[in-house]
Amino acid sequence: MSFRPPKGTDDIGAPASTRWRDVLRQWDTWADRFGYPLVMTPIFESTDLFERGVGEDTEVVTKQMYTFTDRGGRSLTLRPEGTAGVVRAFLDSGARGPWKGAYSGPMFRHERPQAGRRRQFWQLGVEYLDVDGPAADAEVIELGYRFLSAVDVPGLEVVINSLGDTVCRPGYVSTLRSYLEAKRDVLCDDSVSIIDVNPLRVLDCTVCAPVLTDAPAMKDHLCQPCAAHYGLVKKSLENLRIPFREDARLVRGLDYYTRTAFEYIATQLDAAQNAVGGGGRYDGLAESIGGRRAPGVGFALGVDRIVLASGEDVGPQVDVYLVSETGPEDALIAASVLRLAGLRVDFDSEGRKVEAQFKTAGRLGARAVVVQKGQGDEVDVRIDEEREQMALEAVPAWLGTRL
Ligand code: AMP
């Protein structure tokens, strides 16, 4: 067979997928705990939703979208991110007042592929809409932080900034543009090409970083309401004991952010892909896609990078491996009893030799092995150094305290 997954995409199976499943499960738990119901939107949307929502001058829109014309002549795009679609769905539903939604699914961007930078990748995210206050921003940042801590992202760091709003940002952007014009000669070609259209993004350029150390910072140009908002977000994070670092150069790649912007960094990954997630406030997004004013805040986390950051240790694929000396028909029944009691169980349906079954138990990392010896109900249970004989029905309770 000569087919391979398309460039920049992956087949993900065990053992790596065991970690994926764990991350996705924990995501459901944490999103639920913070009051975010699931929201599911189409994987493709009208191309202009992303052009207007993400921003026509952004790299995502100009270079990375998978756009196609369907049989009805409509221009559609595989979603490169989740926020525009969720905000569209919210506006479309006619809902009003504080509204929460959590999503999880694949996104598509035509990137130059490398580790942690894929053309199809998986994002987890939340959107909190029709909310103005800084407590909403802090709650959203907290959810991401608690979840990433729970899935053991090592060296986790929260970085925040304020990008101002339509009152104070234009003045700052023109100050920044003049500063960058004066530095034209020492900036990389990519940066020079965006001084006019998107000067904020120049701050993001790792190549130019060394010559931009004295660049004007948005936080020194905030209007009073933006400064007050930013101050309260930081105060809340301190109250929640969430460690954070301020970075005046954090601008985020998508155009729609206003005021709070933040990223979660896994400091142990390479700098090029160490952002495991990011987000911010986007008070103007709903209007830019043709809706009413609906201020909001949200984030997106990249599962590919979370899995990459958290290393090889994926944990066992099953709790119990059932080794049968009497054949697969008996093992099937015994496995069923243990599964109905809530254990994760596997067995060999092919009736292979006992040694081969033990080998499989080891490969799957089974915490316990249950050996079925005769036709009766008695089994031999082995976990670590312990070994006990007992009735099959007693196994779940006995293992319950040991697994
Ligand atoms: P963004 O939507 O660009 O703000 O990205 C949010 C998060 O999604 C990033 O911090 C990454 O973890 C993840 N992400 C974005 N683009 C990619 C990609 N091409 N491949 C893998 N993960 C990505």
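Computed from heavy atoms alone, side chains included, the values below leave out hydrogens, waters and symmetry copies. Each ligand, and each atom within it, is numbered from 1 in the order the structure gives.
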Trainee: Only one of Val126, Leu91, Thr41 clears side-chain contact (heavy atoms from CB on, under 4.5 Å) with Val86; which?
Mentor: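 Passing option: Thr41.
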Trainee: Hey, which atoms in ligand 1 end up nearer than 4.0 Å to a heavy atom of Glu111?
Mentor: 16 (N), 18 (C), 19 (N)
Trainee: State whether Asp132 and Arg259 are salt-bridged, where the test is any N-O pair (Lys NZ or Arg NE/NH1/NH2 against Asp/Glu carboxylate O) under 4.0 Å.
Mentor: no
Trainee: If you count the atoms of ligand 1 from 1 in the order shown, which ones are under 4.0 Å from a heavy atom of Ala300?
Mentor: 6 (C), 7 (C)
Trainee: Is Asp214 paired with Lys183 through a side-chain N to carboxylate O contact shorter than 4.0 Å?
Mentor: yes
Trainee: Please confirm whether Asp304 comes within less than 3.5 Å of ligand 1 when only nitrogen or oxygen atoms on both sides are compared.
Mentor: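 No, no N or O pair falls under 3.5 Å.
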Trainee: How far does CD1 of Ile160 sit from CZ of Arg245, to the nearest 0.5 angstrom?
Mentor: 11.0 Å
Trainee: Using a strict cut-off of 4.0 Å, indicate which atoms of ligand 1 neighbour a heavy atom of Ala275.
Mentor: 9 (C), 10 (O), 11 (C), 12 (O)
Trainee: Closest by any non-hydrogen atom to atom 2 (O) of ligand 1: pick that one out of His110, Glu81, Met107, Arg109.
Mentor: Arg109
Trainee: As an exercise, identify every atom of ligand 1 less than 4.0 angstrom from a heavy atom of Val276.
Mentor: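 Near Val276, meaning under 4.0 Å from one of its heavy atoms, ligand 1 has 10 (O), 12 (O).
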Trainee: Can you tell which of Phe299, Phe121, Tyr264 gets a heavy atom nearest to atom 17 (C) of ligand 1?
Mentor: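 Among Phe299, Phe121, Tyr264, the closest heavy atom to atom 17 (C) of ligand 1 comes from Phe121.
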Trainee: Based purely on interatomic distance, does Gln123 place a nitrogen or oxygen under 3.5 Å from a nitrogen or oxygen of ligand 1?
Mentor: yes
Trainee: Given Pro80, which of Phe108, Phe50, Tyr66 fulfils the side-chain contact (heavy atoms from CB on, under 4.5 Å) condition?
Mentor: Phe50
Trainee: I need the single residue from Glu386, Arg387, Glu385 that forms a side-chain contact (heavy atoms from CB on, under 4.5 Å) with Ile383. Which is it?
Mentor: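 Running side-chain contact (heavy atoms from CB on, under 4.5 Å) over Glu386, Arg387, Glu385 with Ile383 returns exactly one hit, Glu386.
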Trainee: Run the numbers for me: atoms of ligand 1, each under 4.0 Å from some heavy atom of Arg118, listed by number.
Mentor: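 Once the distances to Arg118 are compared, the set is 18 (C), 19 (N), 20 (N), 21 (C).
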Trainee: Relative to each other, are the rings of Trp99 and Phe90 parallel, tilted or perpendicular (30° and 60° limits)?
Mentor: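 Tilted, since the angle between the ring planes falls between 30° and 60°.
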